[in-house]
Enquirer: 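Next up is a structure, given as structure tokens.
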Amino acid sequence: MQLVPQLCAWFARHRRDLPWRRTRDPYAIWISEAMLQQTRVEAVVPYYERFLARFPTVRALAEASVDDVVAAWSGLGYYRRARALHAAANEIAEQHGGELPRDRDAFLALPGVGPYTAGAVLSIAHGASEPVVDGNVARVFSRLFGYDDEPGGPLQRKLWSKARELVPARSSGDVSPGAWNQALMELGARVCTPRSPNCAACPLASECVARREGKTAELPRPAKRRAPIDVRVEVLVAERGPDVLLVRRPATGRMARMWELPTREVPDEDGRTYLWPSRHAVAFRAGEHELHAVSHAITHHRIRATVHAATAGKVRSRATGAALETRWAHRDELDELGLTGLSRKALRGAF
DNA sequence: AATTCGGGGGC
DNA sequence: GCCCCAGAATT
């Protein structure tokens, strides 16, 4: 059986109608690919539409402030992507005349663009014969070809090599580099899923090594996972009329320069903190009254937060004594600020 | 080669 | 609750 035409024909019939599949604007496709890094389609759709309405072109994105870009990204996670996107837009405006580079190396040189994103944008937007390997492709190939290597560099090279071998050289009918790449990912997302794949619906089932050998549940081999760390924090909701007190996070590190409610981490038994280092700790008087508790997760950290209503004293960085950048934000403007996920979650229950 | 970086949908 | 996602940059 011819793998490529078979899967492309399946894709032509079963492809989901997603917003970024209704355009051939390389900029729009680039935005979608940046948002889709480690993020599910369902989570991306509303962000994609808002983001493109707000920043419809490379130049619009380049001319925006990085704070506005991060604010539009607020809640999507991996905020480095937003800052990289803004930086890349500036490079494109200044060095590429506002057009996304079609050259693979030039595109790869942009911040936030790696092998996957380069392959995806070049193949989908420009029809270039470039491969992609994402989590879906890795799973589909591992099962289809029976790759039982443990995760790591050698397997990655094997996957990219196979992807390069299979990607069509040109477009013809349903078959094209972009369609093939998207078809592989669509198959992984909808049929060849991590758990309980729907092999009955798979157009490649008759060719699948894992299927033939009854190993679909064993492939691909799972990556080693870090042990979760439990973190306790106290979050302050200080209100002054319709306004809420916010603090800006440090310029570097996780969630850099984003706004959050004054947050303090409770040290563990060994006196250690993990997410809110004591040198950035915020001094405030946690009021006696606890509004509610929320759970949150940041990578392998499991956060349990108690949310307190209180009148804030001066909000200060504890170790240095330097005043942190703070502001009183009206409730109605919170959506327009780059607020961390935990703070948004804490506020949701407070009002 | 390992770690770091968010958040949530879906099972 | 846990898994893992249309990854890239940093160490």
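Chain letters run A, B, ... following the sequence lines, proteins first, then strands; residues in each count from 1.
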Enquirer: Is there a donor-acceptor pair under 3.5 Å between the side chain of A:Thr23 and the backbone N or O of A:Trp20?
Expert: no
Enquirer: Inspect the contact between A:Arg232 and A:Asp268 and indicate whether a charged nitrogen and a carboxylate oxygen are less than 4.0 angstrom apart.
Expert: no
Enquirer: Looking only at heavy atoms, what is the nearest atom pair of A:Ala179 and A:Cys8, with distance?
Expert: C-SG, 4.4 Å
Enquirer: From the 5' end of DNA chain C to its 3' end, which nucleotides mark the outer limits of contact with chain A, defined by a 4.0 Å heavy-atom distance cut-off (strictly under)?
Expert: C:dC2 to C:dA9
Enquirer: Indicate whether the side chain of A:Glu99 and that of A:Tyr27 have a donor and an acceptor atom separated by less than 3.5 Å.
Expert: no
Enquirer: What does the B/S/- profile of nucleotides 6-11 of chain B look like, 5' to 3', with a 4.0 Å heavy-atom cutoff to protein?
Expert: BBBBB-
Enquirer: How close do A:Pro220 and A:Arg139 get, counting heavy atoms only, and between which atoms?
Expert: CD-CG, 3.5 Å
Enquirer: Hey, which of these two, A:Arg21 or A:Gly112, hits DNA chain C nearer its 5' end, going by closest nucleotide?
Expert: A:Arg21
Enquirer: Between A:Glu207 and A:Arg143 (salt bridge meaning N to carboxylate O under 4.0 Å), is one present in this structure?
Expert: no
Enquirer: According to side chain to side chain donor-acceptor pair (under 3.5 Å), does anything in residues 77-88 of chain A pair up with another residue at least two apart or in another chain? List the pairs.
Expert: A:Thr39-A:Arg81
Enquirer: Can you tell me how the ring of A:His301 sits relative to the ring of A:Tyr274, calling it parallel under 30°, perpendicular over 60° and tilted otherwise?
Expert: tilted
Enquirer: Answer yes when A:Glu218 and A:Lys215 have at least one side-chain N-carboxylate O distance shorter than 4.0 Å, and no when they do not.
Expert: no
Enquirer: Expressed in whole Å, how much space separates the P atoms belonging to B:dG8 and C:dA9?
Expert: 24 Å
Enquirer: Between C:dC5 and B:dG6, how far apart are the C1' atoms? Round to whole Å, please.
Expert: 12 Å
Enquirer: Taking atom types as modelled, find out whether A:Thr117 and A:Gln37 have a side-chain donor-acceptor pair closer than 3.5 angstrom.
Expert: yes
Enquirer: Between A:Arg211 and A:Thr216, is there a side-chain donor-acceptor contact under 3.5 Å, judged purely by atom types and distance?
Expert: no
Enquirer: Pick base, sugar-phosphate or nothing for A:Thr193, based on heavy-atom distances below 4.0 Å to the nucleic acid.
Expert: nothing
Enquirer: So which of residues 156-178 of chain A are in contact with DNA chain C, with a heavy-atom cut-off of under 4.0 Å?
Expert: none
Enquirer: Answer yes when A:Asp149 and A:Lys158 have at least one side-chain N-carboxylate O distance shorter than 4.0 Å, and no when they do not.
Expert: yes
Enquirer: Within 45 degrees of the axis of the six-membered ring of A:Trp259 and under 6.0 Å from its centre: does A:Arg249 put its NZ or CZ there?
Expert: no
Enquirer: Any Lys/Arg nitrogen of A:Glu130 or A:Arg104 sitting under 4.0 Å from an Asp/Glu carboxylate oxygen of the other?
Expert: yes
Enquirer: For A:Ile29, which contact category applies under a 4.0 Å heavy-atom criterion: base, sugar-phosphate, or nothing?
Expert: nothing
Enquirer: Of all of residues 130-143 of chain A, which get a heavy atom below 4.0 angstrom from DNA chain C, listed by number?
Expert: A:Asp134, A:Gly135, A:Asn136, A:Arg139
Enquirer: Need one value for A:Pro115: base, sugar-phosphate or nothing, where a base atom within 4.0 Å counts as base even if backbone is also close, heavy atoms only.
Expert: sugar-phosphate
Enquirer: Between A:Arg22 and A:Asp17, is there a salt bridge with N-O shorter than 4.0 Å?
Expert: yes
Enquirer: Does a donor on one side chain sit under 3.5 Å from an acceptor on the other, for A:Trp328 and A:Glu239?
Expert: no
Enquirer: For DNA chain B, what is the dot-bracket line, given that a base pair needs Watson-Crick (N1 to N3, plus N6-O4 or O6-N4) or G-U wobble (N1-O2 and O6-N3) geometry with both distances under 3.5 Å, and | means paired with another strand?
Expert: |||||.|||||
Enquirer: Please give, in whole Å, the distance from B:dC5 C1' to A:Trp73 CH2?
Expert: 13 Å
